[in-house]
Amino acid sequence: MSEPLPLMKNLPRASIPTAEPFVLASGSPRRAELLRSAGYEFEICPASDSAECGVDYPETASEMVARLAFQKAVEVVRRRKGSFILAADTLADCNGKILGKPTDRDHAESMLRLLSGREHDVYTGVCLWSTGSDRCYLDVVRSRLKMDLLSDETIQRYLDTERWKGKAGGFGYQDDNDWIHVIGGDSESNIVGLPMERLAELLEKFDSLADKVYKSIH
Ligand SMILES: Cc1cn([C@H]2C[C@H](O)[C@@H](COP(=O)(O)OP(=O)(O)OP(=O)(O)O)O2)c(=O)[nH]c1=O
């Protein structure tokens, strides 16, 4: 088995605030790996892709990840009664241009060319939802990154690895590249899809933070 990445080590863990089974409403292998590395026990029940698509809303990256995390949670809440649900969404934002997962190699290349030599933000929206008590909390964490100016050769070499697949912005911070640097925000796990430090805080404070959810969204 390969050695866990440094960012997967010493991750904080908090107790689940209800007696409900903990359900990860995400198909992201990174989110599952982060939770597993921290020692959480959970089931996986991904939201359908339709929870992510839809109308082009005029919104910021921060608003968008919050909305998408909420939509993914709603979709799973409908199927998993009596569960404590965690949904998340991650996007990159380079000067107002919002970058999701690339659809193909050309799309990934255009994202890398946009990010090359620039600073950008990575946002993750987190939605926690106790379906038994109908309480929900939504939060967003931001990290700031700087990508070195990439040569054509570096871009093509990275694209050849296919590690850009399924990753917002067309790259993986965890992919051991020396051309991407964190310059703001202190959660590396946030960049990879789940801010583990904030998650532990939210779980600890869930009872005081969470609001009752309107029945109408069920
Ligand atoms: C920026 C960045 C993103 N990512 C990943 C995290 C997320 O899995 C993905 C963003 O896609 P998301 O739509 O947030 O999640 P997903 O499609 O993987 O899973 P689901 O919708 O079922 O929850 O990008 C990295 O792995 N490394 C990175 O450096």
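Each ligand, and each atom within it, is numbered from 1 in the order the structure gives. The basis for the numbers below is simple: all heavy atoms, side chains too, and nothing from hydrogens, waters or symmetry mates. The structure presented is a predicted model; accordingly, all values stated were derived computationally and were not measured.
Ligand-side atoms of ligand 1 in range of Tyr173: 27 (N), 28 (C), 29 (O), range being under 4.0 angstrom from any heavy atom. Every atom of ligand 1 is numbered from 1 in the order shown, and the set under 4.0 Å from a heavy atom of Lys101 is 11 (O), 13 (O), 16 (P), 17 (O). For ligand 1 and Asp89, the ligand atoms under 4.0 Å from any heavy atom of the residue are 12 (P), 13 (O), 14 (O). Residue Ile191 approaches ligand 1 through these ligand atoms, each under 4.0 Å from one of its heavy atoms: 1 (C), 2 (C), 3 (C), 4 (N), 27 (N), 28 (C), 29 (O). Using a 4.0 Å cut-off to heavy atoms of Gly172, the atoms of ligand 1 that qualify are 27 (N), 28 (C), 29 (O). Below 4.0 Å from some heavy atom of Ser26 lie the following atoms of ligand 1, by number and element: 19 (O), 20 (P), 22 (O), 23 (O). Short contacts between ligand 1 and Gln174, defined as distances under 4.0 Å to a heavy atom of the residue, involve ligand atoms 25 (C), 26 (O), 27 (N), 28 (C), 29 (O).
No N or O atom of Ala25 sits closer than 3.5 Å to an N or O atom of ligand 1.
When heavy-atom distances to ligand 1 are checked against a 4.0 Å cut-off, Pro46 has no atom that comes that close, whether in backbone or side chain.
Using cut-offs of 30° and 60° for the angle between ring planes, the Trp129 and Phe70 rings count as parallel.
Between Met196 and Tyr40, the closest heavy-atom pair is CE-CE1, 3.8 Å. Annotation for Tyr158 and Gly170: closest pair CE2-O, 3.4 Å, computed over non-hydrogen atoms. Shown here for Pro46 and Gly27, the closest heavy-atom pair between the two residues is CB-N, 3.7 Å.
Between Arg135 and Asp207 there is a salt bridge, since at least one side-chain N of the basic residue sits less than 4.0 Å from a carboxylate O of the acidic one.
Within the 4.5 Å cutoff, side-chain heavy atoms of Leu24 are placed close to those of Leu35.
For atom 1 (C) of ligand 1, the candidate residues are Gly27, Ala168, Gly169, Gly170; the nearest heavy-atom contact is made by Ala168. Taking only non-hydrogen atoms, the option from Gln71, Glu33, Arg30, Arg31 nearest to atom 14 (O) of ligand 1 is Arg31. Which of Gly166, Ala87, Ser28 comes nearest to atom 9 (C) of ligand 1 through a heavy atom is settled by distance: it is Gly166.
When the options Lys146, Arg144, His181 are evaluated for a side-chain hydrogen bond (donor to acceptor under 3.5 Å, both in side chains) with Glu119, the one that passes is Arg144.
At distances below 3.5 Å, not a single donor-acceptor pair connects side-chain atoms of Trp179 with backbone N or O atoms of Met147.
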